[in-house]
**Q** 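First the structure, then my questions, so here it is.
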Amino acid sequence: MEKVIIYQMFTRLFGNTNTTRLHNGTKEDNGVGRFNDITPAVLKRIKKLGCSHVWYTGVLRHATSTDYTAFNIPLNHPAVIKGKAGSPYAIVDYYDVDPDMAVDVNKRLAEFEKLLERTHKAGLKVVIDFVPNHVAREYHSISCPNGIEDLGASDNKDWHFSTSNNFYYCWGHPFAPQFDIEHDSDGNPLPPYAEQPAKATGNDVFSASPSKNDWYETVKLNYGIDYCDAGGRSEHFYDSEGKPIVDTWFKMTEILLFWASKGVDAFRCDMAEMVPAAFWHYATNRVKAAYPHICFIGEVYDKNQYRNYIASGFDYLYDKVGMYDTLRGVMCGYEGAQAITSQWKATEDIQDHMLYFLENHDEQRVASDYFAGNAKCGIPALIVSALMQKNPFMLYAGEEFGEKGMDSEGFSGVDGRTTIFDYWCVDTLRRGYFSRKELTKEEKNLEKMHGQILNIAATERAVTDGEFYDLMYANPVSDQFDANCLYAFIRKHEDKSLLVIANFSDTPQAASVCIPRHAIEYLALTEGRHTATELLTGKTQEVIVSADDPLQTLVPALSGVVIAW
């Protein structure tokens, strides 16, 4: 079985080697990464890292302050754009790609299709965003295929809600946010922005006056839920014969089918839980009927909804509020390593569907001052995330080099995250993929360690197909085993066994690991003396597997051991 390991890159930033890095700079000031920068050599390096998929984040055309009217692309109003480059989650055309990333803007889709070909040729699968809950305030497709009606084209704006409408409308009220949209951030006057009637805002604000903290640059799509019904929230999905009647369902499913036909292998579905599960059941069934290989990855944070969304067709869901939050606590010293056990147990029945990660575009970098402050703290968490179960793991570009995310890019300030709103060069990526001689020794070592761990995850059958046994219940806190900083488990497939111990402490730990009789019987382990190999160092050692005598080993600081026999 393939172990899914996703390499997420923020595509607009990835290939940018312009080191100007002017705060709040334009594309002309700071440059931009392009599809063509993702060369076969780049893809080979990502594949070598152990990855199976690349998530090209921010590919679909979104609202931007950059003027492309010379290419017959409508200019977006700056009052409803976040940052110079704009948010990749404020889509203005689902059937188009970002012109920023094209060498020849008129051939931007063809350039993306070439990237798809290169990625597949490198042995990698392609993930792109599907943003179903909301679109940019000025959404208008100029690239709709013939016969496809644009979103909102036939809406009756006199109705707040109708299953025939794609948007929600605020009866007779103009768009009037609770902040100044008549001036830019420097106080310069902006041309008037008019929206009459106002559409509901993307984060479920059903009034004409969103706040600065709302997703004011977006509008909510209507999937058949009347959120302001006189009797409360009501659902209107099917006719009397059980057939879907919501126009948005049909249009959004056509978008999925369009990109699947281009060769996309998977969709990462933004804020999937804000869209009803009934739609996903309809859409995933239709898409998988035509393209059975297509994978759906859902951003779902409500643990009570996990099983509902998996049943509706999602292959994988973010494990953010469970495993990510716990690992973050362990890395930062807020929780003991033994807390990891309760998190995998909480999703044991759906374990193979949970996507683990330590970083992504929404979260702070491990090495940032707002997180662990040291990229090495992520290594034991990587060992746990990648090797503990069969489920997928996701790596965010730059994580492998210890990117700190502490730049002041513009709209995105110094917050420990890599911007998604600005034109910028992420210097660790520039050096790591385009000027490797400039990498520091520490960055090279981090990359090497990531590659070793991810390749073990990708190639060892004990990880991809094997059984898992958590050893923590048999190894509570003691003088011989510090369960506050050590996490231990066994993976086993056929005649190959792996003992994995992660050390979240910044000092080496002598570990005396009890392997209980139940583990030996459950995994059919052979007791006795074995010649073993520690896979992260390649060194051989003698180990004794016994229910009566603990296994002795030394676990390096902020690292781990993977002992194979």
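Along the sequence shown, the residues carry numbers beginning at 1.
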**Q** Can you find a side-chain donor-acceptor pair between S512 and Q480 that sits under 3.5 Å?
**A** no

**Q** Indicate yes or no for a side-chain donor-acceptor contact from R491 to the backbone of L387 under 3.5 Å, with no hydrogens or angles considered.
**A** yes

**Q** Sorted by first residue and then second, give each salt bridge (Lys or Arg N to Asp or Glu O under 4.0 Å) pair with at least one member in residues 365-382; sequence neighbours left out.
**A** E359-R365, D369-K404

**Q** Test your reading of the model: is there a side-chain donor-acceptor pair from T418 to the backbone of G405, 3.5 Å cut-off?
**A** no

**Q** Sequence neighbours left out, what pairs pass salt bridge (Lys or Arg N to Asp or Glu O under 4.0 Å) with at least one residue falling in residues 431-445?
**A** D427-R431, R430-E438, R431-E443, R436-E447

**Q** Output all residues satisfying side-chain contact (heavy atoms from CB on, under 4.5 Å) with E467, sequence neighbours left out; order by chain, then residue number.
**A** Y522, L523

**Q** With no hydrogens and no angle check, is any side-chain donor or acceptor of K125 less than 3.5 Å from a backbone partner on V54?
**A** no

**Q** Measure from the ring center of W259 to the ring center of F267 and say whether it is less than 6.0 Å.
**A** no

**Q** Within this structure, what is the CG-NZ distance for the pair L49 and K448, rounded to the nearest 0.5 Å?
**A** 14.0 Å

**Q** So do the side chains of I379 and L558 get within less than 4.5 Å of each other, counting heavy atoms only?
**A** no

**Q** Compare all side-chain heavy atoms of T57 with those of V127 and state whether any distance is below 4.5 angstrom.
**A** no

**Q** So if I apply the side chain to side chain contact (heavy atoms under 4.5 Å, CB included) rule between L499 and each of V562, L471, T553, which one comes out positive?
**A** L471

**Q** Taking C514's backbone N and O only, do any of them form a donor-acceptor pair with N475's side chain (distance below 3.5 Å, no angle check)?
**A** yes

**Q** In Å, rounded to the nearest 0.5 Å, how long is the span from CG of L525 to CD1 of I515?
**A** 6.5 Å

**Q** With salt bridge (Lys or Arg N to Asp or Glu O under 4.0 Å) as the criterion, how do E494 and K492 come out once you've worked through the C-alpha distance, each side chain's angles and the decisive distance to 0.1 Å?
**A** CA-CA 7 Å; E494 295 179 349; K492 170 79 184 303; over 6 Å; no

**Q** Got a sec, which residues hit side-chain contact (heavy atoms from CB on, under 4.5 Å) with N203, two or more places apart in sequence or on another chain?
**A** T201, V205, D214, W215

**Q** Go through S412 and D422 one step at a time and tell me if the side chain to side chain donor-acceptor pair (under 3.5 Å) criterion holds.
**A** CA-CA 7 Å; S412 181; D422 304 283; 4.8 Å; no

**Q** Do the numbers put R328 on top of the ring of F371, so that NZ or CZ is under 6.0 Å from the six-membered ring centre and no more than 45° off the axis?
**A** yes

**Q** If we ignore hydrogens and angles and just use 3.5 Å, is the side chain of D319 paired with the main-chain N or O of M354 as donor and acceptor?
**A** no

**Q** Verify whether one side chain among E534 and T537 offers a donor that lies under 3.5 Å from an acceptor in the other.
**A** yes

**Q** Suppose we screen for side chain to side chain donor-acceptor pair (under 3.5 Å). Which residues come up paired with N308, at least two apart in sequence or across chains?
**A** Q305

**Q** Take W424 and D407, measure what side chain to side chain donor-acceptor pair (under 3.5 Å) needs, and give me the verdict at the end.
**A** CA-CA 9 Å; W424 200 250; D407 295 333; 3.0 Å; yes

**Q** Is the shortest side-chain heavy-atom distance between I340 and L327 below 4.5 Å?
**A** yes

**Q** Do T526 and W565 come close enough that some side-chain heavy atom pair is under 4.5 Å?
**A** no

**Q** For the backbone of G33 and the side chain of D37, can you confirm whether one donor and one acceptor N or O come within less than 3.5 Å of each other?
**A** no

**Q** Identify, with sequence neighbours excluded, every residue that meets side-chain contact (heavy atoms from CB on, under 4.5 Å) alongside E335.
**A** T326, V330, A339

**Q** Between Q509 and T507, is the side chain to side chain donor-acceptor pair (under 3.5 Å) condition met? List the steps.
**A** CA-CA 6 Å; Q509 296 288 316; T507 59; 3.2 Å; yes

**Q** Considering residues at least two apart in sequence or located in another chain, which fulfil the ring pair (Phe, Tyr, Trp, His ring centres under 6.0 Å) criterion with F468?
**A** W344, F489

**Q** Could you check whether the rings of H353 and Y316 sit parallel, tilted or perpendicular, using 30° and 60° as the cut-offs?
**A** tilted

**Q** Over all heavy atoms of both residues, which pair between Y356 and S385 is shortest? Give the atoms and the distance, please.
**A** CD1-O, 3.4 Å

**Q** I'd like to know if D362 and K320 make a salt bridge, using a cut-off of under 4.0 Å between side-chain N and carboxylate O.
**A** no

**Q** Taking the six-membered ring for Trp and the single ring otherwise, decide whether the centroids of F357 and F393 are under 6.0 Å apart.
**A** no

**Q** Does either side chain, that of Y487 or that of D470, offer a donor lying less than 3.5 Å from an acceptor on the other one?
**A** yes

**Q** Strictly by modelled atom types, are R12 and H62 linked by a side-chain donor-acceptor pair under 3.5 Å?
**A** yes

**Q** Test of understanding: with side-chain contact (heavy atoms from CB on, under 4.5 Å), list the residues that count as partners of E542, not counting sequence neighbours.
**A** R529, T531

**Q** Would you say the side chain of H120 lies within less than 4.5 Å of the side chain of V126, judging by non-hydrogen atoms?
**A** yes

**Q** Is the shortest heavy-atom distance from the side chain of I225 to the side chain of F237 under 4.5 Å?
**A** yes

**Q** Which residues pass the side chain to side chain donor-acceptor pair (under 3.5 Å) test with D129, not counting sequence neighbours?
**A** W55, Y89

**Q** Could you tell me if the side chain of T464 sits less than 4.5 Å from the side chain of E2, heavy atoms only?
**A** no

**Q** Just jot down the salt bridge (Lys or Arg N to Asp or Glu O under 4.0 Å) partners of D270, sequence neighbours excluded, or say none.
**A** R268

**Q** Okay, side chain of S368, backbone of Q364: is any donor-acceptor separation there less than 3.5 Å?
**A** no

**Q** Kindly compute the distance separating OG1 (T253) from CG (L257), expressed to the nearest 0.5 Å.
**A** 7.0 Å

**Q** Evaluate the criterion side chain to side chain donor-acceptor pair (under 3.5 Å) for residue pair Y7 and E400; output intermediate values, then yes/no.
**A** CA-CA 10 Å; Y7 188 88; E400 71 270 38; 2.7 Å; yes

**Q** Do M271 and M274 come close enough that some side-chain heavy atom pair is under 4.5 Å?
**A** yes

**Q** Hey, does the side chain of E460 reach the backbone of V463 with a donor-acceptor pair shorter than 3.5 angstrom?
**A** no

**Q** Are the side chain of N503 and the backbone of S559 linked by a donor-acceptor contact shorter than 3.5 Å?
**A** no

**Q** Ignoring hydrogens and geometry, is there a side-chain-to-backbone donor-acceptor pair from S312 to A278 under 3.5 Å?
**A** no

**Q** What distance do M394 atom CE and E399 atom CD have between them, rounded to the nearest 0.5 Å?
**A** 9.0 Å

**Q** Is the ring centre of F112 less than 6.0 Å from the ring centre of F35?
**A** yes

**Q** Inspect the surroundings of CG in D302 and state if more than 12 heavy atoms from other residues, nucleotides or ligands are less than 6.0 Å away.
**A** yes

**Q** Looking at D315 and K288, does any basic side-chain N land under 4.0 Å from a carboxylate oxygen?
**A** yes

**Q** Check whether the ring centres of F14 and Y433 lie less than 6.0 Å apart, and answer yes or no.
**A** yes

**Q** Near Y334 OH, under 6.0 Å, is it more than 12 heavy atoms from other residues, nucleotides or ligands?
**A** no

**Q** Mind checking salt bridge (Lys or Arg N to Asp or Glu O under 4.0 Å) for R417 and listing every partner two or more places apart, or none if nothing turns up?
**A** D415

**Q** Sequence neighbours left out, what pairs pass salt bridge (Lys or Arg N to Asp or Glu O under 4.0 Å) with at least one residue falling in residues 381-397?
**A** none

